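A quick write-up on the structure given underneath.
Source: prediction; values computed, not measured. Throughout, a chain's letter reflects where its sequence line sits, starting with A, and its residues are numbered from 1.
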Amino acid sequence: MNEELEKRIKKVNAKKFGEDLVGWFEEEMRDLPWRENQDPYRVWVSEIMLQQTRVDTVIPYYNRFMEQFPTVEALANAPEDQVLKAWEGLGYYSRARNLQAAVREVHETYAGIVPDNPKDISALKGVGPYTAGAILSIAYGKPEPAVDGNVMRVMSRILSIWDDIAKPSSRKIFEAGVRELIYKENPSYFNQALMELGAIVCTPTSPSCFLCPVQAHCAAFEEGTQQELPVKSKKKAAKTVELLTVIAENKKGEVLVTQRPEQGLLANMWEFPSFERNGTDTGVQMTELLSSDYHVDAMIIDEEWMVQDHIFTHLIWKMQVGRATVNQSDTALPEQTQWVSKDDIEKLAMPVSHRKIANRWKELT
DNA sequence: CATTCGTGGCG
DNA sequence: TCGCCAAGAAT
């Protein structure tokens with residue numbers, strides 16, 4: 001740790017900082033479902049769902065998930081497609097698969113008891129430095145840092161840290177800072193308070209310093225630099241990909257759907273057959289690819305039935321959706337591909353763009 | 001280390 | 001409208 005940071009840390013009265021912060025949290029903490037108790041499994045699920053995801057978005061998913069999979073054993077024994085379906089719409093779907101894989105590991109290796117030490121808990125799939133610290137502190141009261149985006153923002157201001165928080169190496173600096181300042185009487189509340197403060201008071205733009213419980217300890221406030229911190233470099237722009245998507249319907253009123261590969265983007269999610277545009281005639285490309293990739297003989301009845309954009313963080317799909325009718329009934333379909341009825345398509349886990357298309361399809365008479 | 005991995009909300 | 005973002009991890 002560099003000398004400048006060490007000096008900043010020593011300048012903070014750690015005891016009073018912790019008391020002020022935790023005292024504020026005890027008064028102001030929001031009533032959230034994962035704060036009902038400290039069940040490590042419940043804390044764990046909440047932390048996974050909250051990764052890169054807003055509290056308001058998570059709440060309804062969390063409540064449904066805990067009702068459906070209330071215990072380690074329940075989730076360990078659940079079919080994987082059911083877990084993915086429960087995650088539909090929440091994004092970052094590998095979180096769901098990693099969570100279940102890790103829960104099965106806990107079920108089998110640790111007799112259903114979530115590990116309470118850094119080494120074992122960090123070895124679980126989907127549990128990185130932040131989540132490990134969060135579970136250890138919140139569920140087990142261990143004095144471990146849990147450094148997320150909120151904590152980096154808050155601490156960059158408290159300690160006047162000008163390192164780029166977009167760089168992975170910066171996290172260690174903040175962990176070191178938190179280790180020195182963590183309130184050992186209540187590490188759980190201390191960590192949660194830092195995040196709560198970041199979410200409610202010490203916000204990215206125009207922080208509400210006038211109502212901050214630790215204003216007196218804040219280097220940025222003292223220097224008037226709270227608007228300039230944290231330093232965060234920008235990510236590169238998203239690339240656009242043009243896709244053709246086909247609603248291929250058979251005589252029974254069923255539609256062709258296929259499951260994406262188990263690795264990569266939207267892993268294991270179900271979707272309508274989609275192809276990257278190759279520049280040739282739209283209808284021709286739809287027909288030929290349905291034939292070569294899915295072995296179905298289709299007739300295009302509408303090349304541009306609807307359009308749908310799908311905006312990811314690093315990618316934009318511009319989808320042109322066509323409709324086709326398929327005559328042959330029982331040709332062998334490729335693996336991971338099937339016909340589904342309007343009733344059954346609800347049971348499949350689909351990404352938002354395809355779910356929107358599915359809903360529109362269901363409105364057809 | 002830089003990139004990949006979703007989604008919805010907000011100024 | 002659009003860039004930016006939100007309790008990150010895996011590769």
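Put simply, OG1 on Thr337(A) and CD on Gln259(A) are 9.0 Å apart, with the number rounded to the nearest 0.5 Å. Note: Gln38(A) CD to Ile135(A) CD1 = 13.5 Å, rounded to the nearest 0.5 Å. Considering CG of Leu266(A) and CZ of Arg260(A), their distance stands at 5.0 Å, rounded to 0.5 Å.
At the phosphate of dA2(B), neither OP1 nor OP2 sits under 4.0 Å from any side-chain N or O atom of His314(A). Taking 4.0 angstrom as the limit, Tyr92(A) places none of its side-chain polar atoms (N or O) nearer than this to OP1 or OP2 of dT4(B).
Arg95(A) contributes no side-chain N or O that forms a donor-acceptor pair with the base of dC5(B) under 3.5 Å. Put simply, the side chain of Thr205(A) and the base of dG11(B) share no donor and acceptor less than 3.5 Å apart.
Separating the C1' atom of dC5(B) from that of dA6(C) is a span of 15 Å, rounded to the nearest Å. Distance noted for atom P between dG6(B) and dT1(C): 26 Å (whole Å). Atom P of dA9(C) sits at a distance of 22 Å from the matching atom of dG8(B), rounded to the whole Å.
Leu90(A) comes within 4.0 angstrom of a nucleotide base, judged by non-hydrogen atoms across all strands. Contact annotation for Thr131(A): backbone-only contact, meaning every heavy-atom pair under 4.0 Å involves sugar-phosphate atoms and none involves a base. Base engagement by Arg35(A) is indicated by at least one non-hydrogen atom pair under 4.0 Å involving a base atom. Among the heavy atoms of the strands, none lies under 4.0 Å from Ile316(A). Nucleic acid contact class of Lys234(A) (heavy atoms, under 4.0 Å, all strands): sugar-phosphate only. Residue-level contact check: Val127(A) touches the backbone only, with heavy atoms under 4.0 Å from sugar-phosphate atoms and none from bases. Looking at heavy-atom distances under 4.0 Å, Trp34(A) makes contact with a base. Using a 4.0 Å heavy-atom distance criterion, Thr53(A) is classed as a base contact.
The CG atom of Asp309(A) sits 13 Å away from the P atom of dG8(B) (whole-angstrom rounding). Between Arg153(A) atom CZ and dG8(C) atom P the separation is 10 Å, expressed in whole Å. If you take CD1 of Ile48(A) and C1' of dC5(B), they are 14 Å apart, rounded to a whole angstrom. In this entry the distance linking OH of Tyr93(A) with C1' of dG8(C) reads 17 Å, nearest Å. Between the P atom of dT11(C) and the CG atom of Leu265(A) lies a distance of 15 Å, rounded to the nearest Å. Going from atom CZ of Arg171(A) over to atom P of dA10(C) covers 11 Å, rounded to whole Å. One interatomic measurement links the two molecules: CG of Leu50(A) to C1' of dG8(C), which rounds to 11 Å at whole-angstrom precision. Nucleotide dA10(C) holds its P atom 13 Å from the CD atom of Gln263(A), rounded to whole Å.
Of the two residues near DNA chain C, Gly198(A) and Lys125(A), the one whose nearest nucleotide lies more 5' is Gly198(A). Across the interface with DNA chain B, nearest-nucleotide mapping of Arg54(A) and Gly264(A) shows Gly264(A) to be the residue nearer the 5′ end.
Which of dA10(C), dA6(C), dT7(B) sits closest to the side chain of Asn98(A) comes down to dA10(C). Closest contact between the side chain of Pro351(A) and the listed nucleotides dG8(C), dT7(B), dA2(B) involves dT7(B). Of all nucleotides listed (dA9(C), dG6(B), dG8(C)), dA9(C) comes nearest to the side chain of Pro129(A). Among the nucleotides dT7(B), dA9(C), dC5(C), the one closest to any side-chain atom of Lys232(A) is dC5(C). Checking dA9(C), dG6(B), dC1(B) against every side-chain atom of Ser169(A), the shortest atom distance belongs to dC1(B).
Ring geometry, Phe272(A) versus His354(A): the interplanar angle falls from 30° to 60°, so the pair is classed tilted.
Linking ILVMFWY side-chain heavy atoms closer than 4.5 Å, directly or via other members, places Val246(A) and Val321(A) in two distinct hydrophobic clusters.
One side chain, Tyr130(A) or Glu47(A), offers a donor N or O that lies under 3.5 Å from an acceptor on the other. Checked by atom type, the side-chain pair Thr53(A)/Arg95(A) shows a donor-acceptor distance below 3.5 Å.
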